[in-house]
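Convention: sequence-line order gives letters A, B, ...; per-chain numbering from 1. Quantities reported herein were computed from a predicted structural model and do not represent experimental measurements.
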Amino acid sequence: MERKYRYEMIKVQINDFDLEKISKSGQCFRMNPIMEQEKKYALIAHGEYLEMEETTDGICFSCTQEEWDKLWKNYFDCGRDYRKIYRSVDKTDEYMLRAVSCGSGIRILRQEIFETTISFIISQQNNIPRIKKCVQSLCSSFGEEKYNIRREKYYAFPTPERLAGLTLEDLQGCNLGYRSRYILKSSRMIVEGEIDFAGLADMTYEEARAELMKLCGVGIKVAECICLFALHHVEAFPVDTHIKTVLLKYYPDGFPFEKYEGYAGILQQYAFYYDIYGEM
DNA sequence: GGACAGGGTTACG
DNA sequence: CGTAACCCTGTC
């Protein structure tokens, strides 16, 4: 196969890694299949553009070994043995056994903190396709313009400073609804140091969650999402409408946190995925 | 075609 | 402390 443009590619062997499931898992909103090419995905994260493809003997990434080691390896949580998580599920926990089997290949990503914060403020009372549209619109309007390996334009996620300087009017074109106000206010709080945003990475899960909830438009659920999908506190357990349904139906006596101490959030993600895509 | 709900949160009472 | 209202779209 002839490639139009020359660019670095590396092939990595990773167990329990499924691009489609990761892209559909609802934790990231800028990873999508590339139109013309089946099973090939493009992702924009940490300001960078990455293409990915599953092959029979590994997964191809459009980056150098150095970039992989420095950024993407960690982004995809490659230091963790997910097989160990599957095996750790209680044999009597039938729902979770099915959920994990359905969602095997999902990874919990390490996403950029500001992007995750704004994206999950947008996510409230919203559905995934429209969240993606809102995020894309925000990026193409206010993000830095860059060029990818195909020499196509793409946009980084806007900086806090850029969003903080906007007005409600500026955001009207992004169709964010009442969330516009939350985004402006929270961005300004971050820029003006009203919350210790830079210090979040060094806080414990509980500290980070409390600090995040000071932001406007960030309640318990959104804070848990940021803790899990950006700060990688895998004990964080976001409860949304899907998880609420699951808890009511399959865990009427409460979720067995004691069995899954320290990583309930990962299992939450399998349950979320299974509730949306399972048994179709 | 209008009504309704979609990964909640805020701001009232 | 419970709950209506918040904005915008895609779907029925």
Answer yes when [X] and [Y] have at least one side-chain N-carboxylate O distance shorter than 4.0 Å, and no when they do not.
| X | Y | answer |
| --- | --- | --- |
| A:R83 | A:D16 | yes |
| A:K24 | A:E20 | yes |
| A:E51 | A:K40 | yes |
| A:R30 | A:E115 | no |

Please tell me whether [X] and [Y] have a donor and an acceptor in their side chains that are separated by less than 3.5 angstrom.
| X | Y | value |
| --- | --- | --- |
| A:N32 | A:K132 | yes |
| A:Y95 | A:D275 | no |
| A:E48 | A:Y154 | no |

Given the [atom1] atoms of [N] and [M], what is the spacing between them in whole Å?
| N | M | atom1 | result |
| --- | --- | --- | --- |
| B:dG1 | C:dC8 | P | 23 Å |
| B:dC4 | C:dA5 | P | 14 Å |
| B:dT9 | C:dG10 | P | 24 Å |
| B:dT10 | C:dT9 | P | 23 Å |

Is the centre of the A:F61 ring less than 6.0 Å from the centre of the A:F76 ring?
->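 Between A:F61 and A:F76, the centre distance is under 6.0 Å.
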Is the distance between the ring centroids of A:F29 and A:F120 under 6.0 Å?
->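 Under 6.0 Å, so yes.
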DNA chain C: 5'-proximal contact among A:G177 and A:K133 (nearest heavy atom) =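 Counting from the 5' end, the first nearest nucleotide belongs to A:G177.
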Any A:Q125 side-chain nitrogen or oxygen under 4.0 Å from OP1 or OP2 of B:dG8 = yes
Are any of A:S123's side-chain N or O atoms less than 4.0 Å away from OP1 or OP2 of B:dG6?
->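 For A:S123, the contact criterion (side-chain N or O under 4.0 Å from OP1 or OP2 of B:dG6) is not met.
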Check salt bridge (charged side-chain N to carboxylate O under 4.0 Å, His left out) between A:K244 and all other residues, then give those that pass, not counting sequence neighbours.
->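 Testing A:K244 for salt bridge (charged side-chain N to carboxylate O under 4.0 Å, His left out), a comparison that skips the adjacent residues, returns none.
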Pairs where residues 117-126 of chain A contributes a residue and the test side-chain hydrogen bond (donor to acceptor under 3.5 Å, both in side chains) is met, not counting sequence neighbours =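 Residue pairs with at least one partner in residues 117-126 of chain A: A:N126-A:R130.
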Return the 5'-most residue of the pair A:G217, A:R130 with respect to DNA chain B, ranking by each residue's nearest nucleotide.
-> A:R130
With heavy atoms under 4.0 Å as the rule, sort [X] into base, sugar-phosphate or nothing.
| X | value |
| --- | --- |
| A:Q27 | base |
| A:L228 | nothing |
| A:S25 | base |
| A:Q268 | base |
| A:V239 | nothing |
| A:I128 | base |

Should side-chain heavy atoms under 4.5 Å link Ile, Leu, Val, Met, Phe, Trp and Tyr, which residues sit in the same cluster as A:Y155?
->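 Under the 4.5 Å side-chain rule, A:Y155 groups with nothing.
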Reading DNA chain C 5' to 3', how would its secondary structure be written in dot-bracket notation, given Watson-Crick and G-U pairs with both distances under 3.5 Å, brackets [ ] for crossing pairs and | for partners on other strands?
-> ||||||.|||||
d([atom1], [X]; [atom2], [N]) in whole Å:
| X | N | atom1 | atom2 | value |
| --- | --- | --- | --- | --- |
| A:D240 | B:dT9 | CG | P | 10 Å |
| A:I122 | B:dT9 | CD1 | P | 14 Å |
| A:L215 | B:dT9 | CG | C1' | 13 Å |
| A:K221 | B:dT10 | NZ | C1' | 17 Å |

Expected rows: protein N/O vs nucleotides 11-13 of chain B N/O, under 3.5 Å:
none

Under the 3.5 angstrom rule, does the side chain of A:K153 hit a backbone N or O of A:E145 as a donor-acceptor pair?
->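 Not a single qualifying donor-acceptor pair exists.
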Under the 3.5 Å rule, do the base of B:dG8 and the side chain of A:Y182 count as making a donor-acceptor pair?
->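 By the distance-only test, no, there is no pair.
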Chain A reaches DNA chain C, atoms under 4.0 Å from its heavy atoms, from C:dC6 to C:dG10
